[in-house]
2 protein chains.
Amino acid sequence: MKEGPDISHVAALIGDPARANILTALMDGRALTASELAAEAGVGLSTASSHLAKLTDGGLLVPRKQGRHKYFALANRDVASVLEALMGLAASQGGARVRPGPKDQTLRQARVCYNHLAGSRGVQMYEALRSAGAIIETGDDVSLTPKGESFATGFGVDLARLKTSKAPLCRTCLDWSERRNHLAGSLGRALLSEMETRGWLRRDENSRAILFTPSGKVAFDKTF
Amino acid sequence: MKEGPDISHVAALIGDPARANILTALMDGRALTASELAAEAGVGLSTASSHLAKLTDGGLLVPRKQGRHKYFALANRDVASVLEALMGLAASQGGARVRPGPKDQTLRQARVCYNHLAGSRGVQMYEALRSAGAIIETGDDVSLTPKGESFATGFGVDLARLKTSKAPLCRTCLDWSERRNHLAGSLGRALLSEMETRGWLRRDENSRAILFTPSGKVAFDKTF
DNA sequence: TTGATGCTTCGTTGAAGGTCGAAGTATGAA
DNA sequence: TTCATACTTCGACCTTCAACGAAGCATCAA
């Protein structure tokens, strides 16, 4: 009867609207405080606290105390990909629920996904890197070629530092709007951060949207 | 506030134990009747009927009336992949819940996943086909090479017929036990069905397990 | 028609759990 | 110390919804 692991427990955690809002808010990879998440979810502080405890207990979030603040972030990449998969499913069928407002448009073009670039621009970058031979797909994974290493270094990424961490350098991530791969992993994060430093783009404070500057848009298209 | 589609509704549907059991039971791609699913979920008939209505309404299942029976199947491949993703997450963290019994062992080796071969044998086949140049990965998708076409035809697959359908010939599918790709799509289904016809294997009636015959095991290893 | 099977609908019960406010604990600032 | 901020815990309320049995419809077989 019980084949495979217990799906329903995890699914039930995501199944509450308030908790789903919390998880969605954390999809950009940032860590947020309990108060911020309470506002994001639209519930009281005590309610949020209870939800956060459950999510942490269920292994979906990891807490980190910092002074009198308590920050929460998604536990790992698996959680993020389950959420993206759910979004894809929900978007494709319950599609009537999604009204394509101006914000939605922006989100499809460029957004933050677990600290790396997602949306059509993310896919564009990924494809450019791949066809340029900077990255190469092996099985389900993706890895950086020597050619890609020199590009990244030239772009301003401190590859040596990234390599000291045990986190994977390159990863693929499937986003729900494009349904194609884009680049995740520590390199993906570093590239996004570098682009932000260069002033190509800036993050929207209240959402996952990424806003390219006019000059940034040009530079991005030229590079990728 | 509401970025992206409504996750929580879908997740809540999967979040009930009875419904999760129903969905899991349908993971092999077969269509089952309401009564069978009620037994599978361990609930009464009326309860199951209500659950099935909700799942259908939510777009996770598609019903098909046949005489006085009503068959239910997963609505599409997206639903199956969300379920597999959830299994992967649940297995990796709430792992304590999974006790590796003899049946579990069999499931990890070979099982049916939406009518194609999954588990370590599924991955073995996929890798063999890939390194033999029968299939080639492009981006996130996989496609059949001329070399692969002649292999499939020689194996007994009616490729011409498969191509008339609009369903994709080749697809990748990630399974939760191996965490690697195996072959899905109509070709994946056809290969499994051909192996069953040849007597290499048979399906377990009450689970997703696939049991290889001794001679089938030898033939499989020789081919892949 | 009569009976049997398969599923749906309805009404009721009961338990689970989301919500809030208030009080309690911890950390930092003045 | 004293106050303010950030979060947790507790208790009470209340909505939601899974579960069942009985009755109702539909289909098939004689």
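Order of the sequence lines sets the chain letters (A, B, ...), proteins ahead of strands, with each chain counted from 1.
- Below 30°, between 30° and 60°, or above 60°: for F220(A) and F212(A) the angle between ring planes is above 60°, a perpendicular geometry.
- In this structure, E36(A) atom CD and dC7(D) atom C1' are separated by 13 Å, rounded to whole Å.
- The OH atom of Y71(B) sits 14 Å away from the P atom of dT8(C) (whole-angstrom rounding).
- For A31(A), the side chain to side chain contact (heavy atoms under 4.5 Å, CB included) criterion is met by Y71(A), A73(A), not counting sequence neighbours.
- Using cut-offs of 30° and 60° on the angle between ring planes, the pair F155(B) and F224(B) is tilted.
- Note that CD of E194(A) and CG of D158(A) are 10.5 Å apart. Values are rounded to the nearest 0.5 Å.
- Remark: K65(B) is not in phosphate contact with dG6(C), judged by side-chain N or O atoms under 4.0 Å from OP1 or OP2.
- Side chain of K54(B), nearest nucleotide from dC20(C), dA18(D), dA19(D): dA18(D).
- I14(B) pairs in a side chain to side chain contact (heavy atoms under 4.5 Å, CB included) with only one of the listed residues (I14(A), V10(A), I7(A)), which is I7(A).
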Nucleotides 1-5 of chain D: which of its N/O atoms have a protein N/O under 3.5 Å away?
from	atom 1	to	atom 2	distance (Å)
dT5(D)	O4'	R68(A)	NH1	3.4
dT5(D)	O2	R68(A)	NH1	3.4

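- Rounded to a whole Å, the CG atom of L32(A) is 14 Å from the P atom of dA6(D).
- Residue-level contact check: S50(B) touches neither bases nor backbone, having no heavy atom under 4.0 Å from any strand.
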*Would you please test T24(B) and M87(B) for side chain to side chain contact (heavy atoms under 4.5 Å, CB included) and show each step?*
CA-CA 10 Å; T24(B) 309; M87(B) 283 188 187; 3.7 Å; yes
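- Donor-acceptor pairing under 3.5 Å, judged by distance alone, is absent between the side chain of T47(A) and the base of dG18(C).
- Rounded to a whole Å, the CG atom of N21(B) is 14 Å from the C1' atom of dA18(D).
- Considering every non-hydrogen atom in both R19(B) and A12(B), the closest pair reads NH2-O, 3.3 Å.
- Phosphate contact (OP1/OP2 of dT19(C), side-chain N/O of H51(A), threshold under 4.0 Å): present.
- Following rounding to the nearest Å, L45(B) (CG) and dA19(D) (C1') show an atom-to-atom distance of 13 Å.
- Residue A18(B) is in sugar-phosphate contact alone, with no base atom involved, counting any heavy-atom pair closer than 4.0 Å across all strands shown.
- Whole-Å rounding puts the K70(A) NZ to dG28(C) C1' distance at 18 Å.
- Atom CG in L52(A) sits roughly 16 Å away from atom C1' in dG17(C) (whole-Å rounding).
- L13(A) has its CG atom 14 Å from the C1' atom of dA16(C), to the nearest Å.
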